[in-house]
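Here is the structure we will look at, set down as structure tokens.
Everything numeric here is computed off the predicted structure, so don't read it as measured data. All values below were derived from every heavy atom in this structure, side-chain atoms included, with hydrogens, water molecules and symmetry-related copies excluded.
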Amino acid sequence: MLLTDSPPKILLVEDFDDSRAVLKRLLEMEGWQVSEARDGQQAFDAILQDSFDLILMDVSLPVVDGLQATHRICSALGAAAPPIILTSAYSRNEMRAKAMVAGAVDYLAKPLDFDQLLNLVRRYASR
């Protein structure tokens, strides 16, 4: 997290409008600033234009999927890349391994456990 009084900035990357709206509301209720992207390419473009304290990204995205976007972001920004938490309904163990290889700091299986999600966001957004 940046050393300012402003709340952590989160980039929420989810292609389903309803899911994105629910997650955005949940995160904003916790006091975080939330920007949105609908696909991996939009996420990559956003990260080049603004700084974020955390990225919460679905794996199954149009245009560029979450694994590819994570790899691109980590490759482009190196150590300056914000922590990325990937989410997916795919097999927990297999997808967790792929997420870590791509550069994610953590992985959450869908359906999301909101308490677990908020704990992870608190942990990684406050680094």
Using the side-chain contact (heavy atoms from CB on, under 4.5 Å) rule, take Asn119 and Phe114 through it: C-alpha gap first, then chi angles, then the decisive distance, then the call.
-> CA-CA 8 Å; Asn119 286 335; Phe114 290 138; over 6 Å; no
Under a single-linkage definition using a 4.5 Å side-chain heavy-atom cutoff for Ile, Leu, Val, Met, Phe, Trp and Tyr, are Leu61 and Val59 assigned to the same hydrophobic cluster?
-> yes
Between the CG atom in Leu120 and the CG atom in Leu112, the distance rounded to the nearest 0.5 Å is 10.0 Å
First locate atom CG of Asp58, then atom CZ of Phe16, and finally report the distance between them rounded to the nearest 0.5 Å.
-> 8.0 Å
Salt bridge present between Asp15 and Arg20 (N-O < 4.0 angstrom) = no
When rounded to the nearest 0.5 angstrom, what is the spacing between CG in Leu23 and CD in Glu28?
-> 11.0 Å
Value for CG (Leu117) from CZ (Arg122), rounded to nearest 0.5 Å, stands at 9.0 Å
Charged N-O contact under 4.0 Å between Glu30 and Arg25 | no
Please list every donor-acceptor pair under 3.5 Å in which a side-chain atom of residues 67-86 meets a protein atom from a residue at least two apart or in another chain.
| from | atom 1 | to | atom 2 | distance (Å) |
| --- | --- | --- | --- | --- |
| Thr70 | OG1 | Gly66 | O | 2.7 |
| Arg72 | NH1 | Gln41 | OE1 | 3.0 |
| Ser75 | OG | His71 | O | 2.9 |

Shortest non-hydrogen contact between Ala43 and Met57, atoms and distance = CB-SD, 4.4 Å
Is the shortest heavy-atom distance from the side chain of Phe52 to the side chain of Gln33 under 4.5 Å?
-> no
Looking at CG of Leu118 and CG of Leu27, how far apart are the two atoms once the value is rounded to the nearest 0.5 Å?
-> 6.5 Å
Indicate the atoms forming the closest heavy-atom contact of Asp53 with Pro8, along with that distance.
-> OD2-CA, 3.1 Å
Is there a path from Phe44 to Val63 through hydrophobic residues (I, L, V, M, F, W, Y) whose side chains come within less than 4.5 Å of each other?
-> no
For Val13 and Asp39, work out which heavy atoms get closest and say how close.
-> CG1-O, 3.7 Å
Hey, does Arg38 have a side-chain heavy atom less than 4.5 Å from the side chain of Asp17?
-> yes
Asp50 atom CG, over 12 foreign heavy atoms within 6.0 Å | yes
Do Val34 and Met29 belong to the same hydrophobic cluster, where Ile, Leu, Val, Met, Phe, Trp and Tyr are linked whenever their side-chain heavy atoms lie under 4.5 Å apart, directly or via other members?
-> no
Cluster overlap Ile55 with Val105, hydrophobic side-chain contacts below 4.5 Å | no
Point-to-point distance, once rounded to the nearest 0.5 Å, from CG of Leu26 to NZ of Lys24 = 13.0 Å
Atom of Gln116, atom of Leu108 and distance for their closest heavy-atom approach = CD-CD2, 3.3 Å
Show me, pair by pair, the donor-acceptor contacts under 3.5 angstrom made by side chains of residues 93-103, not counting sequence neighbours?
| from | atom 1 | to | atom 2 | distance (Å) |
| --- | --- | --- | --- | --- |
| Glu94 | OE2 | Lys98 | NZ | 3.2 |
| Arg96 | NH1 | Asp106 | OD1 | 3.2 |
| Arg96 | NH2 | Tyr107 | O | 3.2 |

